[in-house]
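All values derive from a computational prediction rather than experimental measurement. So you know, we letter chains A, B, ... as the sequences are listed, proteins then strands, and number each from 1.
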2 protein chains.
Amino acid sequence: MAAKRSGARSKRGINERLQPVQEPRSEPPLSRERIVATAVELLDAQGVDGLTMRRLADRLGSGVMSLYWHVDNKEDVFDLALDSVLEYRGPQIVKSRDWRGEVVHMLEDWRASMLRHPWSASLLPRRALGPNILSRLELLSKTLSRAGVADADVNVAIWSLWNYVMGATITRASFDLSDDDRAAAQQRLTRLSERYPTIEHSRLLLDNDWGGTFRKGLGFLLDGLLQDEAER
Amino acid sequence: MAAKRSGARSKRGINERLQPVQEPRSEPPLSRERIVATAVELLDAQGVDGLTMRRLADRLGSGVMSLYWHVDNKEDVFDLALDSVLEYRGPQIVKSRDWRGEVVHMLEDWRASMLRHPWSASLLPRRALGPNILSRLELLSKTLSRAGVADADVNVAIWSLWNYVMGATITRASFDLSDDDRAAAQQRLTRLSERYPTIEHSRLLLDNDWGGTFRKGLGFLLDGLLQDEAER
DNA sequence: ACCTGAACACCGTTCAAGT
DNA sequence: ACCTGAACACCGTTCAAGT
């Protein structure tokens, strides 16, 4: 970790008049925050393969190697960008007793956060879990516990929900990136309709009510989790 | 696509005696099959980042650019390697009426196939769907249909199961790769136990009965799907 | 039909050096 | 404390050429 929050911005109001044309062009000093924010911009614009230390430095108006003062390496940039995008802004304490509604809300928010940055979903499973991710897990865990899910089952429930949300979001994000590919795939499928009659007929690959499918499937999963608890 | 199946191997028996020492050292000619098989070896050994056109050519004893005669580009190699690893060897026709058992078996086999090649799971969602993948989807779809799942619900069911299996397998594969990281993560978590008391207490990150967790979660999901069908 | 080496435009990161 | 350029050991792929 490096020092954060230089006080640079605080005197901006004073000398605004003295360097009116030049000042806005000169870059603020490098900082962890600026690097991470710019990395997110770059990832949003160009995808995972588009993030390059050189390009990142370019956008920041600095030399490449300057980044390494604030950041360990490229992996580190990924970890930081990912966690920064997963900050949870919802209520940190669950007051209502509608545990199911709370869980659905948390998971839909999670999915939405990741879809706002389509590179994030596929990155998440292989990166270290940052504080924002842990907070989400903590809140989910707490909600399930308070709802009366047995201690022995909480972990299974969390992992099941995690798996479902990750799978759904990763799938959604990657199918979304390539509309042409999807059309091409369905065409190929239609050409081979004798080999894959069922999925050709159900138009599996053309189904694009992603939100609805996500919600319904999550409903099934929660039905299963809830039913199990009710039975004992 | 390039030509396949050169007849090279058929005359091997005849001249085995004439070049006994040299022959086994000389490489067989390049072919799509050899390239794909070697790519899988390389991926198994070195992971996704370890697959390099140059390294692949090295292993094959050829020049780098020779690969490009048989294969479009690196993306193509990924697609082919992935699909080759997902061939389904189980029965192609479902005879038993235990649809739930069949579905569980197909999905556990799918998971096992991917875990045998840990790079495959994280690759699958963003790659084109090859014939072996489509076959698995077709069979799954057929089984759900025969089991009486309404046409309107089959796609939701398939995607839910797909999402769950992908999420579970990707998570498992990536957590497995970094045992040190997992220990470090739990340590960091313990240090921060006031901030994340619930997941620290449940030892979420240390739970490593992956198979059992997968099976239980899948059970919950199928409970949900089955219950819904029984109700209408 | 199949294979090749040179060359191009890139990468991430080390290192020794600047202020 | 913070930033830098040169250099190293890599990449994927184009191209013109060989057999």
Mind listing the side-chain donor-acceptor pairs of residues 42-53 of chain A below 3.5 Å, one per line with the distance, residues two or more places apart or on another chain?
unit_1  : atom_1 : unit_2   : atom_2 : d
A/Asp44 : OD1    : A/His117 : ND1    : 2.8
A/Asp44 : OD1    : A/Trp119 : NE1    : 2.7
A/Asp44 : OD2    : A/His117 : ND1    : 3.1

Test applied, side chain to side chain contact (heavy atoms under 4.5 Å, CB included); reference residue, B/Val77; option that passes from B/Leu82, B/Val71, B/Asp72, B/Val40:
B/Val71

d(CD1, A/Ile35; P, D/dC2) in whole Å
12 Å

Listed range with range, the stems formed with DNA chain D by at least 3 consecutive Watson-Crick or G-U pairs (under 3.5 Å) are C:4-8 with D:12-16, C:12-16 with D:4-8

Can you find a side-chain donor-acceptor pair between A/Trp162 and B/Thr171 that sits under 3.5 Å?
yes

What is the distance, rounded to the nearest whole Å, between atom CG of B/Leu60 and atom C1' of C/dT4?
15 Å

Residue-phosphate contact under 4.0 Å: B/Ser66 side-chain N/O, C/dT4 OP1/OP2
yes

Distance between the C1' atoms of D/dC3 and C/dA16, in whole angstroms?
13 Å

Which letters describe nucleotides 8-16 of chain D, given B = protein heavy atom under 4.0 Å from base, S = only from sugar-phosphate, - = neither?
---BBBB--

Between A/Asp209 and A/Arg215, does the salt bridge (charged side-chain N to carboxylate O under 4.0 Å, His left out) criterion hold? Intermediate values first, please.
CA-CA 10 Å; A/Asp209 176 18; A/Arg215 216 167 298 118; over 6 Å; no

Carboxylate-amine/guanidinium contact B/Asp109 B/Arg89, below 4.0 Å
no

Presence of A/Trp69 side-chain N/O under 4.0 Å of D/dC3 phosphate oxygens OP1/OP2:
no

Steps toward side chain to side chain contact (heavy atoms under 4.5 Å, CB included) verdict (B/Ser113, B/Val85)
CA-CA 7 Å; B/Ser113 295; B/Val85 137; 5.6 Å; no

Could you tell me whether the phosphate oxygens of D/dA1, OP1 or OP2, come under 4.0 Å of any side-chain nitrogen or oxygen in A/His70?
no

Reference residue A/Arg127; test salt bridge (charged side-chain N to carboxylate O under 4.0 Å, His left out); the match among A/Asp76, A/Asp79, A/Asp83
A/Asp79

Taking the six-membered ring of B/Phe214 (Phe, Tyr or Trp), confirm whether the NZ or CZ of B/Arg172 is under 6.0 Å from its centre and within 45° of its axis.
no

